[in-house]
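Here's the structure, in C-alpha cells; my notes come after.
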Amino acid sequence: MSLAQRLRALMRWRGIHSQNQLARISRVPQSCIHRILTREDRYSPSRGTLLRLAVALETSVPWLTDGVLSGTEPGPHGVPSSEGVLPALPAATPAIDGYCAEICALLRQQPDSTKKTVLSMVRLMVEGTAHLP
C-alpha cells in the first residue's frame, strides 16, 4: 500500500468523509492532503505534516508512511489484513465518526474550563432532544 492508500483507508476507518474535514482535525492544509492523495508516490510531505496526520488519525508515522507497525501505539491502527479489509474495532471501543474526531481535536487545545462548558452544553442539548415528541 502507498501513503495515499493508507491515508484513504484511515480516513474511511475513522469516519472522516472529506479532505476538508481531515484538514480541520489535523491542522494540515487541505491542498497538502489533496497532493498526498492524488500524486501517490510523487509527493513527499514533510515530517511535521506526517506527524500531524498520524496524531489526528491515531496511528504512527511509520505505519502511515511505510505500513510498519511499531507496536507502541494504543488502539486500532487501521492495519489492513491481507485482503485489504480493515479489522473490526474491539466491542468495548465506541465508534468515533469524523464529527467526534473533529470536536476532540478542537477541544484538545482548550483549557479544562472550556471543555467542561462544552460538555455541559452538549448534555443539555441531548436532554432537550430526549423529551421531544
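By convention here, the first residue in the shown sequence is residue 1.
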Just wondering, do [Y] and [X] contact through their side chains at under 4.5 Å, heavy atoms?
{"X": "Leu3", "Y": "Asp66", "result": "no"}
{"X": "Pro45", "Y": "Ile33", "result": "no"}
{"X": "Leu22", "Y": "Arg14", "result": "no"}
{"X": "Leu57", "Y": "Ser26", "result": "no"}

Just how far is it from atom [atom1] of [X] to atom [atom2] of [Y], taken to the nearest 0.5 Å?
{"X": "Asn20", "Y": "His34", "atom1": "CG", "atom2": "NE2", "answer": "11.5 Å"}
{"X": "Ile25", "Y": "Ile16", "atom1": "CD1", "atom2": "CD1", "answer": "4.0 Å"}
{"X": "Arg27", "Y": "Leu53", "atom1": "CZ", "atom2": "CG", "answer": "13.5 Å"}
{"X": "Cys32", "Y": "Arg35", "atom1": "SG", "atom2": "CZ", "answer": "5.0 Å"}
{"X": "Leu37", "Y": "Leu7", "atom1": "CG", "atom2": "CG", "answer": "5.0 Å"}

Return the set of residues passing salt bridge (Lys or Arg N to Asp or Glu O under 4.0 Å) with Arg52 (not counting sequence neighbours), or none when no residue passes.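 Testing Arg52 for salt bridge (Lys or Arg N to Asp or Glu O under 4.0 Å), a comparison that skips the adjacent residues, returns none.
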Side chain to side chain contact (heavy atoms under 4.5 Å, CB included) partners for [X], two or more places apart:
{"X": "Ser44", "result": "none"}
{"X": "Thr117", "result": "Met121"}
{"X": "Val55", "result": "Leu51"}
{"X": "Thr65", "result": "Leu50, Val61"}

Nearest heavy atoms of Gln21 and His17, plus distance in Å: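 Reported closest heavy-atom pair: OE1-N, 2.9 Å.
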Mind listing the closest non-hydrogen atom pair of Arg42 and Thr38 along with its distance?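 It is NH2-O, 4.0 Å.
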Quick one: list whatever passes side-chain hydrogen bond (donor to acceptor under 3.5 Å, both in side chains) with Gln30, sequence neighbours left out.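 Gln30: side-chain hydrogen bond (donor to acceptor under 3.5 Å, both in side chains) contacts with Gln19.
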Please name all residues satisfying side-chain hydrogen bond (donor to acceptor under 3.5 Å, both in side chains) with Ser46, sequence neighbours left out, ordered by chain then number.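 With neighbours one apart ignored, the set is Thr49.
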Just wondering, are more than 12 heavy atoms of other shown residues or ligands nearer than 6.0 Å to NZ in Lys115?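 Counting other residues, nucleotides and ligands, NZ of Lys115 exceeds 12 neighbours.
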